[in-house]
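Everything on this sheet refers to the single structure shown next.
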Amino acid sequence: MERDSVFHNDRLGAPRNPLLDELPSYQSLLYRRKPSASGSTKRRGSSRTRLGSSSSGKWGQTTVARQYEEKHRTQTLQRPVRELPKPMAEKRRDKDQRLEQAKDLSSWSQWRQSTRRTLRRLKEDGFEMLSNLELWRGDIHVIEGMFGTGILSYFSFLRFLVLLNFVMFLLMFGFVMLPIITAPHASGNTTFNHVDGFECSNYPSTSRRGLVVFHQHITDLLSGAGFLEQTYLFYGYYKVETIHFPKFTYNLPLAYLLVTIAYLFLSLIWIVKRSATGFKRKLVQDEDRFQSFCNKIFAGWDFCIVNDSAARLKRSSLLYELKTDLEEERIKQKIADRTRKEKCRIYVIRLILNLFVIAVLAACFYSIYIATNFSQKAQMTKVNFILDLIYEYLPSIVITLANFITPLIFSLIIQFEDYSPAFEIRFTLMRCVFMRLTSICVLLVSLWGQITSCQEGNCVCGYNHILYPCWESRVGQEMYKLMIFDFIIIGAVTVFVEFPRKLIVDYCDCGLAKWWGQQEFAIPQNVLEIVYGQTICWIGTFYCPLLPAICTIKYFIIFYIKKVTLVNNCRPATRPFRASSSNFFFLAVLLIGLALACVPVTIGIAQISCSQACGPFINYTTSWEVVPRTVSQLPAGARTFLLAISSEAFAVSLFVITCLAMFYVIALAGAHKRVINQLREQLVMDGRDKRFLIQKLCQAQRTCAIRSTGSGFQSHSSDRVNPSYRSNSGVFLVQPPPDSATHV
């Protein structure tokens, strides 16, 4: 039997070679264990046995390795021949072998194999057909080839939002609008909500009568008032309580509420599912800085790039990322070397600047509050077309100005806070996210302050029914105006700012134009724009059921606007945003927007009284009241079950079980992390062992070279005595005496 010339085992199986005792991994193992006098010999022997087994290559394969190879071989045999990474000659040979093996099988086994092969082909063809039907597949491949995966992540994120809003629209249309539309054509009797003779039920029509000037239709189209207010677009149109079809009764208020909960829950599940992959990648990248350097140097190139300018840009972006990482390491070292006096000075500066940021945010929020109150009062009186339109969009204008000015202030302030470059970008973006999303909440708070306050002090209907006979439609109109104005601003900036800037930079040779430069396609800022719009959509869908359809059309057009802007007007940012972490960041910001959107929707459903003049919840105090009333009408068994799962005992039990599951997952993650650390240490030790063995081989080669020059005959006789211990390159591994002991 062929044996390894380095490791010689005695009858107990323990290696008896001093070379093993000099390996760094074995020395580290002995140092960590520090065996006692009684059990040191046994543990040293077992340790050396494991070490020899792991170091002897193919003669010492472990059971796990053999099982892995067997599994890999089985999977290879099950794969189609065309998918195997082999030359064509070997593929033909494998195919012939499989055909020969298939002849020996029974007819039943042959039928199973052919059926499995046919189903696999059908599955592959189906997936290929679905991938060809994917939205913007060709456009996204072109963008990926020209600008890389960093900018690709933005357009993929935009496509995800288009699909999400389309699904939300299908939910609203299928469960709320479609029953009302089909009821007259399906022999269905519709029961409308009405409260005659009651003060709160007065809802005057806002549609214009008589001769209407053309610009008034434009005002109605942009503001959602007039002829649009009492249509399928807004909450107030849905005055249906129940629809009696021939075989069942459809409860529209319950469906309206459940669809709202369903699209919020669906958005949460979809976002979390998509962000899981990005979170894993980001966690792996942030775990080890050395691994990040290796990934950039050896695997950082994007092979999807086919454009020369994009290739130069990718090279400069990789160079910038390496410089940024080195700068972060330098700053970390600088932070570690700071004195107490320097730390106090930096903390004082950061405190002052953060107080200034809070003051800026407070001023913006107060401006939005004042603008909203003034806009609501000014809309009661009509002046002229231009002023009426400005009053209608005054809150949107103020919010847009705040969203434009505050990022500039934040970018200027962050330079004096002495953070690392990567943290500067994240911290500035989080401030901008807070500004954009909180401004919507301030608008809603100011609206609800006017809705729930009456001049007499005590609202008879639970809200100000004089100014807001259908306050849900008014909130829907504000969300509609924010959505339309945001789309107008994006289009206007593209046409009137970015395109003229491109012309000036290309055709003007003055120094100011060269200093101004071409517009950068900043991925984070563009993402914040669409997250802002998506947050508006989540909030406004309850009050404006067709808002997801409007948002779908808006994002569909924005995709082509941004594509034209990227190709013709802009250049990619010099400070790149990593594609691996960008997907997770986009979805994390979107998840923050969803959390903020759930707060006003929940308050509007559970706390504020419903309008008594419009909508499906006229007969209820709040929108949530439809749920307990419907549960009370169910059979006793179903009612008992629903009451049990909604009780405090079930909630506490579910919380305890969730905590236990969470603790288990945390413990499992900790165990996996320890195993990963051990594997990393083992890899480091394997590298040290290889380096040690290479040094020994080099020493042996030099020794052999000296001996061969000094005594050629002695070297020739050595070849005849031990021919099996010489390597192909002429390097000798001298066998120690059989009776030599292993010393520690």
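These numbers come from a predicted model, not from an experiment.
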Query - Partners passing ring-ring contact (aromatic ring centres under 6.0 Å, His included) against Y620 (at least two apart in sequence or in another chain) - result: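 Checked Y620 against ring-ring contact (aromatic ring centres under 6.0 Å, His included); zero matches.
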
Not counting sequence neighbours, which residues clear ring-ring contact (aromatic ring centres under 6.0 Å, His included) with F173? List them please.
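Checked F173 against ring-ring contact (aromatic ring centres under 6.0 Å, His included); matches are F169.
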
On a heavy-atom basis, which atom in [X] and which in [Y] lie closest, and how many Å separate them?
X    : Y    : value
M430 : I592 : CE-CD1, 3.7 Å
L264 : L594 : CD2-CD1, 4.0 Å
T565 : T494 : OG1-CG2, 3.1 Å
Y238 : F234 : CE1-O, 3.2 Å
T428 : S411 : CG2-OG, 4.0 Å
Y555 : G533 : OH-C, 3.3 Å

From [atom1] ([X]) to [atom2] ([Y]), nearest 0.5 Å:
X    : Y    : atom1 : atom2 : result
E625 : R629 : CD    : CZ    : 4.5 Å
F559 : L158 : CZ    : CG    : 7.0 Å
T406 : L401 : OG1   : CG    : 10.5 Å
R639 : Q633 : CZ    : CD    : 10.0 Å
I399 : S396 : CD1   : OG    : 6.0 Å
T242 : N251 : OG1   : CG    : 7.0 Å

Any residue meeting disulfide bond (SG atoms under 2.5 Å apart) with C470, in chain and number order, not counting sequence neighbours: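 Residues passing disulfide bond (SG atoms under 2.5 Å apart) with C470: C614.
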
Listed by chain and number, what are the disulfide bond (SG atoms under 2.5 Å apart) partners of C544, not counting sequence neighbours?
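Here no residue qualifies.
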
Step by step, work out the side chain to side chain contact (heavy atoms under 4.5 Å, CB included) result for L447 and T372. CA-CA 7 Å; L447 273 176; T372 304; 4.2 Å; yes

- Just checking, is any N or O donor in the side chain of Q534 or N165 under 3.5 Å from an acceptor N or O on the other one?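 Yes - a donor-acceptor pair under 3.5 Å links their side chains.
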
Between the side chains of W471 and Y543, is a donor N or O closer than 3.5 angstrom to an acceptor N or O?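 W471 vs Y543: no donor-acceptor pair found between side chains.
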
Under 3.5 Å, side chain of [X] to main-chain N/O of [Y], donor-acceptor pair present?
X    : Y    : result
S156 : S153 : no
S473 : G236 : yes
T231 : L228 : yes
T630 : V626 : yes

Taking the side chain as everything from C-beta on, heavy atoms only, tell me whether [X] gets closer than 4.5 Å to [Y].
X    : Y    : answer
V475 : W448 : yes
P548 : C537 : yes
P545 : V176 : no
P616 : K239 : no
L164 : S267 : yes
T541 : M479 : no
Y232 : L546 : yes
F365 : L443 : no

Of all residues at least two apart in sequence or in a different chain, which pass the salt bridge (charged side-chain N to carboxylate O under 4.0 Å, His left out) check with [X]?
X    : answer
R350 : none
E498 : none
K481 : E392, E478
E472 : none

Could you tabulate the donor-acceptor pairs under 3.5 Å formed by side-chain atoms of residues 254-262, not counting sequence neighbours?
unit_1	atom_1	unit_2	atom_2	d
Y256	OH	F542	O	2.5
T260	OG1	Y256	O	2.9

Would you indicate whether [X], at its atom [atom1], is surrounded by more than 12 heavy atoms from other residues, nucleotides or ligands within a distance under 6.0 Å?
X    : atom1 : answer
Q607 : CD    : no
W270 : CH2   : yes
Y250 : OH    : yes

For [X], give me all partners under side-chain hydrogen bond (donor to acceptor under 3.5 Å, both in side chains), at least two apart in sequence or on another chain.
X    : answer
D486 : K554
N354 : E417, R431
Y468 : Q376, Q450

By the definition ring-ring contact (aromatic ring centres under 6.0 Å, His included), identify the one residue from Y480, Y393, Y532 that meets it with F485.
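Only match with F485 under ring-ring contact (aromatic ring centres under 6.0 Å, His included): Y393.
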
Stepwise side chain to side chain contact (heavy atoms under 4.5 Å, CB included) check, F157 with L590:
CA-CA 10 Å; F157 181 67; L590 191 63; 3.9 Å; yes

> Taking the six-membered ring for Trp, is the centroid-to-centroid distance between Y560 and F556 below 6.0 Å?
Replying inline: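 Y560 vs F556: aromatic centres under 6.0 Å.
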
**Request:** Quick one: do W538 and L596 satisfy side chain to side chain contact (heavy atoms under 4.5 Å, CB included)? Show the steps, please.
**Result:** CA-CA 10 Å; W538 277 323; L596 289 178; over 6 Å; no

Please step through side chain to side chain contact (heavy atoms under 4.5 Å, CB included) for the pair L266 and M168, ending with a clear verdict.
-> CA-CA 9 Å; L266 174 66; M168 290 170 56; 5.7 Å; no

Quiz item: Taking the six-membered ring for Trp, are Y235 and F617 parallel (under 30°), tilted (30 to 60°) or perpendicular (over 60°)?
Solution: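 It falls in the parallel class, under 30°.
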
- Check the pair E529, K562 against salt bridge (charged side-chain N to carboxylate O under 4.0 Å, His left out), reporting the backbone distance first and the verdict last. CA-CA 12 Å; E529 289 180 357; K562 293 298 181 181; 3.6 Å; yes

Quiz item: Taking the six-membered ring of F160, is the NZ or CZ of R274 close enough (under 6.0 Å from the centre) and on axis enough (within 45°)?
Solution: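 Relative to the ring axis of F160, which defines the angle, R274 lies inside both limits.
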
